[in-house]
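Notes follow once the structure below has been shown.
All values reported here derive from a predicted model rather than from experimental measurement. Both backbone and side-chain heavy atoms feed into the values below; hydrogens, waters and symmetry mates do not.
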Amino acid sequence: METNILKFELTVGRALDDNTLDTITASIGIPVEANDEAVNDALKNDELVANAVGVLYDLAAYMRPQWLDGEDTGMTLEAYFGDSICQTRNGFVTMDKKGYSFNLED
């Protein structure tokens with residue numbers, strides 16, 4: 001069976017004091033079978049998405065520790081299969097020193 005890479009790319013952003021946007025993007029890729037069912041199962045996998053957000057949280061904790069303030073931060077999740085975008089979802093992630101929570105809109 002042919003495989004391809006399913007990539008989750010998450011971007012969060014906050015406005016700085018001068019109204020410029022400060023962003024961080026993190027992505028993870030996993031090999032999946034190249035069929036619609038395997039891709040749909042991966043896109044609906046909440047645990048996989050939560051792990052992708054966890055990677056983003058770890059990056060923010062390292063690069064933007066001031067974002068661990070419990071405030072909602074806008075987030076976009078884009079999913080790619082190979083080179084083609086197959087899904088975009090928006091939502092929010094809330095990060096503090098104990099961890100994170102997130103909500104993606106359908």
Taking a hydrophobic cluster as the set of Ile, Leu, Val, Met, Phe, Trp and Tyr residues connected by side-chain heavy atoms closer than 4.5 Å, whether directly or through intermediates, do I5 and I28 fall within one such cluster?
no
Closest approach of R14 to Q66 (non-hydrogen atoms, all atoms of both residues)
NH1-O, 4.1 Å
Could you tell me whether the side chain of L56 reaches within less than 4.5 Å of the side chain of V12, counting heavy atoms only?
yes
V55 with Y80, same ILVMFWY side-chain cluster at under 4.5 Å
no
What distance do E78 atom CD and T25 atom OG1 have between them, rounded to the nearest 0.5 Å?
9.0 Å
Just by modelled atom types, is the D41 backbone N or O under 3.5 Å from a matching donor or acceptor in the N45 side chain?
no
Do I85 and V49 sit in one hydrophobic cluster, given that two such residues count as connected whenever their side-chain heavy atoms are within less than 4.5 Å of each other, even indirectly?
no
For T73 and G13 the tightest heavy-atom approach is CG2-O, 3.5 Å
Strictly distance-based, threshold 3.5 Å: is any side-chain N or O of Y57 a donor or acceptor partner for the main-chain N or O of D96?
yes
Quick one: closest heavy-atom pair of G82 and N4, and the distance?
CA-OD1, 3.5 Å
Side-chain contact, heavy-atom cut-off 4.5 Å: L77 with L104?
yes
For residues L10 and F92: do they belong to one hydrophobic cluster (side chain heavy atoms under 4.5 Å, members Ile, Leu, Val, Met, Phe, Trp, Tyr)?
no
Is the shortest side-chain heavy-atom distance between R64 and D22 below 4.5 Å?
yes
How many angstroms lie between CZ in F8 and CD in Q87, if you round to the nearest 0.5 Å?
7.5 Å
Salt-bridge criterion met for K97 and D69 (N-O under 4.0 Å)
no
CG of L48 to CG of L6: how many Å apart, nearest 0.5 Å?
7.0 Å
Heavy-atom side-chain contact between M75 and V53 under 4.5 Å:
yes
Surrounding CG of D18 (heavy atoms of other residues, nucleotides or ligands, distance under 6.0 Å), is the total greater than 12?
yes
OG1 on T88 to CD on E105, rounded to 0.5 Å
12.5 Å
How close do Y100 and M95 get, counting heavy atoms only, and between which atoms?
CB-CG, 4.1 Å
With clusters defined by side-chain heavy atoms of hydrophobic residues (ILVMFWY) lying less than 4.5 Å apart, directly or transitively, does F102 cluster with L68?
yes
